Asks: 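One structure follows; several queries about it will come next.
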Amino acid sequence: YRTLLYLSASASAEVIADLALCPWEALKVRMQTSIATPFTTSTVEGFRKIATTEGLNGFYKGITPLWLRQVPYTMVKFATFEKTVEAIYKHCLSHPKEYYNKAQQLGVTFTAGYIAGIFCAIISHPADTLVSKLNNVAKAEGQSTGALAINILKDLGFKGVWTGLTPRITMIGVLTALQWFIYDTFKVMTGLPASGGSAPKKN
């Protein structure tokens, strides 16, 4: 049940984490996309401006698309990484993990992290595009976030939601690889094993 555990634990953790992430995502997108007239010059001013003009909904109108982006992203990030590490040792290398030194094991970690990042970027990209648009488009009076999201998706079309996928794969691949590499490096430095254990011996 390891894969089920990876998926359920990462999904539940991400749902909670996104409640803290969403307000920052809302501010970030506004600051990134308001080039001609800057949305704000400071973080505090930006949060105050959103609260004054839009209220609490301004911080959380993108929470559902954010969950649609981040929850699958995190589930794939953990499950794919763990399975990729296992596959590398099982199918790509000629010896079990214990045969290789720590530097070589960390090389496997980085490679598996980058592969996991590619899958993360692909599965989460349409929702990432939608989150960016939602946080930068004003709703019509009485319009729900869901209705606005549907209109945005119609305007973008199938091709539009995949715009920018290639640079995002590069970015997320490197980011995920470094996250796992730093994580495993810390484990190794504290005397813990790197990711990817051997299958338990049968009695």
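All values below come from the heavy atoms of this structure, side chains included, with hydrogens, waters and symmetry mates left out. The shown structure was predicted, so the numbers you read here are calculated from the model rather than taken from an experiment.
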Asks: If every non-hydrogen atom of S124 is compared with every non-hydrogen atom of R168, which pair is closest and at what distance?
Replies: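 Taking S124 first and R168 second, the nearest heavy atoms are OG-NH1, 3.0 Å.
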
Asks: Please check: side-chain N/O of T74 versus main-chain N/O of V71, any donor-acceptor pairing under 3.5 Å?
Replies: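 Here the side-chain-to-backbone pair does not exist.
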
Asks: Using modelled atom types and a 3.5 Å cut-off, is there a donor and acceptor pairing between side-chain atoms of K187 and backbone atoms of L192?
Replies: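 Not at all, since once roles are kept as given, no pair shorter than 3.5 Å links the two residues.
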
Asks: Can you name the nearest heavy-atom pair linking S195 to V85, along with the distance?
Replies: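 That closest heavy-atom pairing would be O-CG1, 3.6 Å.
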
Asks: Look only at the side chain of T80 and the backbone of A116, and say whether a donor-acceptor pair between them is shorter than 3.5 Å.
Replies: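 Answer holds: no.
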
Asks: The criterion is salt bridge (charged side-chain N to carboxylate O under 4.0 Å, His left out); which residues satisfy it with E54, sequence neighbours excluded?
Replies: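 Scan of E54 (salt bridge (charged side-chain N to carboxylate O under 4.0 Å, His left out), adjacent residues dropped) gives R30, K61.
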
Asks: Heavy atoms, side chains only, cut-off 4.5 Å: are M75 and S8 in contact?
Replies: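 Answer no - side chains too far apart.
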
Asks: Is there side-chain contact between L130 and V161, with at least one heavy-atom pair below 4.5 Å?
Replies: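 Of all side-chain heavy-atom pairs linking V161 with L130, none is under 4.5 Å.
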
Asks: Does any N or O in the side chain of W67 come within less than 3.5 Å of the main-chain N or O of V15, such that one atom is a donor and the other an acceptor?
Replies: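 Yes, because the side chain of W67 sits within donor-acceptor range (under 3.5 Å) of the backbone of V15.
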
Asks: Quick one: sort the Y99 and H95 rings into parallel, tilted or perpendicular, breaks at 30° and 60°.
Replies: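 Because their plane-to-plane angle is under 30°, the rings of Y99 and H95 count as parallel.
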
Asks: So, do L21 and Q70 sit near enough that their side-chain heavy atoms are less than 4.5 Å apart?
Replies: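 Contact flag for L21/Q70 side chains = yes.
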
Asks: Does the plane of the ring in F59 sit parallel, tilted or perpendicular to the ring in F47? Use 30° and 60° as the thresholds.
Replies: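 F59 vs F47 ring planes: tilted.
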
Asks: Given F81, which of W180, Y114, Y183 fulfils the ring pair (Phe, Tyr, Trp, His ring centres under 6.0 Å) condition?
Replies: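 Looking at W180, Y114, Y183, the match for F81 under the ring pair (Phe, Tyr, Trp, His ring centres under 6.0 Å) is W180.
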
Asks: Grab the two heavy atoms, one from T41 and one from E45, that are nearest each other, plus how far apart they are.
Replies: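 Result for this residue pair: OG1-OE1, 2.9 Å.
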
Asks: Where does the angle between the aromatic ring planes of Y100 and Y89 fall among parallel (under 30°), tilted (30 to 60°) and perpendicular (over 60°)?
Replies: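 Y100 vs Y89 ring planes: tilted.
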
Asks: Heavy atoms only: give me the nearest A79-L7 pair and the separation to one decimal.
Replies: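 Looking at all heavy atoms of both residues, the shortest contact is CB-CD2, 3.7 Å.
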
Asks: Taking all heavy atoms of A127 and all of L68, pick out the closest pair and write down the distance.
Replies: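 Taking every non-hydrogen atom into account, CB-C, 3.8 Å.
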
Asks: Could you grab the distance from atom OG1 of T43 to atom CE of M31, nearest 0.5 Å is fine?
Replies: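 Going from OG1 on T43 over to CE on M31, the span is 6.0 Å.
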
Asks: Is it true that the side chains of T109 and Q105 contain a donor and an acceptor less than 3.5 Å apart?
Replies: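 No, because no side-chain N or O of T109 sits under 3.5 Å from a partner of the opposite role on Q105.
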
Asks: Give, for atom NZ of K133 and atom CG of D128, the distance between the pair rounded to the nearest 0.5 Å.
Replies: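 So the NZ of K133 and the CG of D128 are separated by 11.5 Å.
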
Asks: Does the side chain of L19 reach to within under 4.5 Å of the side chain of I63, using non-hydrogen atoms?
Replies: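 Yes, side chains in contact.
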
Asks: R69 vs E25, test: salt bridge (charged side-chain N to carboxylate O under 4.0 Å, His left out). Steps then yes/no.
Replies: CA-CA 12 Å; R69 182 188 78 183; E25 182 77 17; 3.2 Å; yes

Asks: How long is the gap from CD on E14 to OH on Y73, to the nearest 0.5 Å?
Replies: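 Output value for this atom pair is 9.0 Å.
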
Asks: Could you walk me through whether T163 and T129 satisfy the side chain to side chain contact (heavy atoms under 4.5 Å, CB included) test, starting with their C-alpha distance in whole Å, then the side-chain angles of each, then the deciding distance to 0.1 Å, before giving a yes or no?
Replies: CA-CA 8 Å; T163 301; T129 303; 5.9 Å; no

Asks: Are I182 and F186 side-chain neighbours, meaning at least one heavy-atom pair lies under 4.5 Å?
Replies: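 No, too far: nothing below the 4.5 Å cut-off.
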
Asks: Between I172, I123, T176, which is the residue that forms a side-chain contact (heavy atoms from CB on, under 4.5 Å) with K77?
Replies: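 In the set I172, I123, T176, the residue that makes a side-chain contact (heavy atoms from CB on, under 4.5 Å) with K77 is T176.
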
Asks: How far apart are the closest heavy atoms of G62 and P65, and which atoms are they?
Replies: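 In terms of heavy atoms, the two residues are closest at O-CD, 3.3 Å.
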
Asks: Tell me whether the count of non-hydrogen atoms from other residues, nucleotides or ligands lying under 6.0 Å of CZ in F119 goes above 12.
Replies: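 For F119, atom CZ is not crowded (no more than 12 foreign heavy atoms under 6.0 Å).
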
